[in-house]
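What follows is a short report on a single structure.
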Protein chains: 2
Amino acid sequence: MSNLKYSRQREAIKKQLMQRNDHPTADMVYTDIRKEYPNISLGTVYRNLALLSELGEIKRLVTGDGPDRFDADTSPHNHFICRKCHAVLDMDMEDISEIKERAEQNFHGVIESYSVNFYGICEHCHQTKLS
Amino acid sequence: MSNLKYSRQREAIKKQLMQRNDHPTADMVYTDIRKEYPNISLGTVYRNLALLSELGEIKRLVTGDGPDRFDADTSPHNHFICRKCHAVLDMDMEDISEIKERAEQNFHGVIESYSVNFYGICEHCHQTKLS
DNA sequence: TTAATAATAGTAACGATTACTATATTTAAA
DNA sequence: TTTAAATATAGTAATCGTTACTATTATTAA
């Protein structure tokens with residue numbers, strides 16, 4: 001049923017995403033992966049990032065602060081977006097998945113997923129008074 | 001200090017946003033406001049929605065599902081986005097603002113705000129089996 | 001091998017949004 | 001009330017992130 005064919009470009013994209021933890025944009029992945037595949041096309045990067053997201057192998061992060069980012073870590077966790085340097089950081093915090101049950105209390109549709117983002121100034125920008 | 005000048009277009013935009021609860025996009029506001037101001041420009045709508053958001057008079061909603069939406073209700077509440085009909089609905093749920101404190105537990109930057117979105121199929125789409 | 005199918009590179013097109021510019025409106029002061 | 005400075009506008013062009021198109025190439029199962 002899976003009419004999916006192997007492609008080295010797709011593997012390279014996923015591999016690279018697993019090797020970095022800065023939640024890169026499609027363009028950041030493209031820039032870096034060109035060192036290995038000098039004539040990979042930007043469309044290929046976009047297409048495969050979208051495909052891998054649909055397959056659940058990676059996660060698309062919508063930050064509201066610039067282009068979408070991608071994360072190879074699909075385990076449940078939340079992110080912080082710095083409004084100064086635009087970094088996207090993993091939050092180290094306790095599980096808050098009960099907000100889904102709390103949301104379902106008075107809701108009559110089907111909640112399939114949710115996303116939580118925190119915004120502000122990251123430690124680095126705050127210390128170096130770039131804020 | 002406020003070099004802000006009155007404009008009827010801006011007032012009309014805010015007024016319309018207060019009168020509807022469908023969290024319209026800029027284009028939806030534009031389409032409707034043209035009935036009153038037939039030659040208002042789309043740029044004016046975008047500019048004023050951005051300005052009002054910065055002033056905190058309205059709220060910009062980043063859904064990850066199409067263009068940004070706007071909400072005249074600035075009180076703390078969360079939204080649901082239907083992946084079928086793309087409606088943005090207000091969630092009627094208990095306060096979950098303690099997630100901010102929970103996030104601050106191990107975080108060393110400054111958290112200024114956060115956003116929570118729920119995704120799935122709304123009651124209407126679920127009942128009419130459009131899902 | 002071959003043949004069917006999916007994936008690619010390269011490029012064009014798209015939608016949402018912002019930038020530009022000449023004109024119009026607002027506002028405070030004369 | 002004019003006037004003059006500053007802000008806002010309408011209309012349009014440009015930008016950015018992303019998707020669509022198409023001819024060619026790679027994968028895969030028979």
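These numbers were taken from a predicted model, which means no experiment stands behind them. Heavy-atom basis, side chains included; hydrogens, waters and symmetry copies ignored. Residue numbers start from 1 in every chain, and the chains themselves are labelled A, B, ... in the order their sequence lines are given, proteins ahead of strands.
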Check your understanding: Quick one: salt bridge (charged side-chain N to carboxylate O under 4.0 Å, His left out) pairs with a partner in residues 65-76 of chain A, sequence neighbours left out?
Key ->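 Qualifying pairs, neighbours excluded: A/R60-A/D68.
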Exercise for review: Could you pull out all residues at least two apart from B/Y119 that satisfy ring pair (Phe, Tyr, Trp, His ring centres under 6.0 Å)?
Suggested key: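 Result, ring pair (Phe, Tyr, Trp, His ring centres under 6.0 Å) vs B/Y119: none returned.
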Please report, rounded to the nearest Å, how far the [atom2] atom of [N] is from the [atom1] atom of [X].
X     : N      : atom1 : atom2 : value
A/R10 : C/dA9  : CZ    : C1'   : 16 Å
A/Y30 : C/dT8  : OH    : C1'   : 13 Å
B/L51 : D/dA8  : CG    : P     : 7 Å
A/I33 : C/dT8  : CD1   : P     : 11 Å
A/R69 : D/dG17 : CZ    : P     : 12 Å
A/Y37 : C/dA7  : OH    : C1'   : 13 Å
A/H86 : D/dG17 : NE2   : P     : 12 Å
A/D65 : D/dC16 : CG    : C1'   : 14 Å

Check your understanding: Can you list the residues that meet the side-chain hydrogen bond (donor to acceptor under 3.5 Å, both in side chains) rule with B/E11, with sequence neighbours excluded?
Key ->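 side-chain hydrogen bond (donor to acceptor under 3.5 Å, both in side chains) check on B/E11 returns nothing, list empty.
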Point to revise | Partners passing side-chain hydrogen bond (donor to acceptor under 3.5 Å, both in side chains) against A/K59 (at least two apart in sequence or in another chain) | key: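 Applying side-chain hydrogen bond (donor to acceptor under 3.5 Å, both in side chains) to A/K59 gives none.
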Are any of [X]'s side-chain N or O atoms less than 4.0 Å away from OP1 or OP2 of [N]?
X     : N      : answer
B/N48 : D/dT9  : yes
A/N3  : C/dA6  : yes
A/Q9  : D/dA26 : no

Review point. Side chains of B/D92 and A/F107: does their closest heavy-atom pair fall under 4.5 Å?
Key: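 Result no, sub-4.5 Å side-chain heavy-atom pair not found.
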Review point. Are any non-hydrogen side-chain atoms of B/D22 and B/M28 less than 4.5 angstrom apart?
Key: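 They are in contact (side-chain heavy atoms under 4.5 Å apart), so the answer is yes.
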Check your understanding: Nearest to the side chain of B/S41, which nucleotide is it out of D/dG11, D/dT9, C/dA9?
Key ->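 For B/S41, the side-chain atoms sit closest to D/dG11.
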Check your understanding: Which pairs pass ring-ring contact (aromatic ring centres under 6.0 Å, His included) with one or both residues in residues 40-78 of chain A, sequence neighbours excluded?
Key ->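 Applying ring-ring contact (aromatic ring centres under 6.0 Å, His included) to every pair that reaches into residues 40-78 of chain A, excluding sequence neighbours, yields A/H77-A/H79.
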Point to revise | Reading 5' to 3' through nucleotides 15-28 of chain C, protein heavy-atom contacts under 4.0 Å coded B for base, S for sugar-phosphate only, - for none | key: -SBB-------BS-
